[in-house]
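Residue numbers start at 1 and run along the sequence shown.
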Amino acid sequence: MRRCGPRSRRARCPARAGLHAQGLVFPGDEAQAWLTDNVLTDCGVPLDGSDFAAIHRAQNTLFGVWANAALLAAEGRPDTELASYLARWALLSEAETGAALASLRATGMALYVLGYFHGWRLLDSWLAAPDRDARVRRLLTEQLLPADLRADP
């Protein structure tokens, strides 16, 4: 039996599926339909016509700003510069930038943010193939390395 512990490089690829979880479990607009039918209406949340899948995708894309901010933090840039950068490009409020700075300054978080975002990008292009279902199965059942996910020639 192969082990796939937290220190294993092979464990990282399935972990990257986290940012893809919504699309894997609820493809298309299924998440929106499920939330509308089972949560929002029951909780009295008014529907405003938002496209949840598009918002989720935009949030994942904006996570790249966090990756850039992590690089800036690692370079020793001042908090004021990081806060301005996050406010402008990640569209964070002042309160949100404060929380983001605390996260980015925590030991090891810069590497985590960089790895998570770039893992999402790698999986995003790999999962966009016509054999998506087979690739999802591989992602969830095999121990894949990032090199296994590069684009096919």
(message) For Trp126 versus Leu149, what's the shortest heavy-atom pair and its separation?
(response) CD1-O, 3.2 Å

(request) Kindly compute the distance separating OG (Ser50) from CG (Leu40), expressed to the nearest 0.5 Å. (result) 10.0 Å

(message) Between Leu123 and Leu140, is there shared hydrophobic-cluster membership here, with clusters defined by ILVMFWY side-chain heavy atoms closer than 4.5 Å?
(response) yes

(message) Please determine whether a side-chain nitrogen of the Lys or Arg among Arg57 and Asp124 lies less than 4.0 Å from a carboxylate oxygen of the Asp or Glu.
(response) yes

(request) Hey, could you give me the CZ/OG1 distance between Arg121 and Thr61, rounded to the nearest 0.5 Å? (result) 9.5 Å

(request) For atom CZ of Arg137, decide whether the heavy atoms of other residues, nucleotides or ligands shown that lie under 6.0 angstrom number more than 12. (result) no

(message) Which heavy atom of Ala83 sits nearest to which heavy atom of Thr97, and what is that distance?
(response) O-CG2, 3.6 Å

(request) Check the pair Thr36, Gln32 against side-chain contact (heavy atoms from CB on, under 4.5 Å), reporting the backbone distance first and the verdict last. (result) CA-CA 6 Å; Thr36 300; Gln32 182 137 356; 4.2 Å; yes

(request) For the residue pair Phe63 and Tyr116, establish whether any side-chain heavy-atom pair is separated by less than 4.5 Å. (result) yes

(request) May I ask whether Leu91 and Leu72 are part of the same hydrophobic cluster, defined by side-chain heavy atoms of I, L, V, M, F, W, Y residues being less than 4.5 angstrom apart, directly or through others? (result) yes

(request) Verify the cluster assignment for Ile55 and Leu47: are they in a single hydrophobic cluster under the rule of side-chain heavy atoms below 4.5 Å apart? (result) no

(message) Any non-hydrogen side-chain atom of Phe117 less than 4.5 Å from a side-chain atom of Val65?
(response) no

(request) Would you mind reporting whether Trp66 and Leu92 have side-chain heavy atoms less than 4.5 Å apart? (result) yes

(message) Counting C-beta onward and ignoring hydrogens, is there a side-chain heavy-atom pair between Asp148 and Glu142 closer than 4.5 Å?
(response) no

(request) If you link ILVMFWY side chains whenever their heavy atoms are less than 4.5 Å apart, which other residues fall into the same cluster as Leu111? By chain and number, please. (result) none

(message) For a quick test of reading the model, state the closest non-hydrogen atom pair linking Leu114 to Ala67 and the distance between them.
(response) CD2-O, 3.5 Å

(message) Looking at every non-hydrogen atom in both residues, tell me the closest pair between Leu62 and Trp89 and how far apart they are.
(response) CD2-O, 3.4 Å

(message) Would you say Leu127 ends up clustered with Leu122 if hydrophobic residues are merged whenever their side chains have heavy atoms under 4.5 Å apart, either directly or through other cluster members?
(response) yes

(request) Can you see which heavy atom on Ala69 is nearest to which on Leu104, and at what distance? (result) CB-CD1, 3.6 Å

(request) Would you name the heavy atoms of Leu86 and Ala100 that are closest together and state the gap between them? (result) CD1-CB, 3.7 Å

(request) Please answer whether the main-chain N or O of Thr80 pairs with a side-chain N or O of Ser84 as donor and acceptor at a distance below 3.5 Å. (result) yes

(message) The criterion is side chain to side chain donor-acceptor pair (under 3.5 Å); which residues satisfy it with Glu75, sequence neighbours excluded?
(response) Arg77

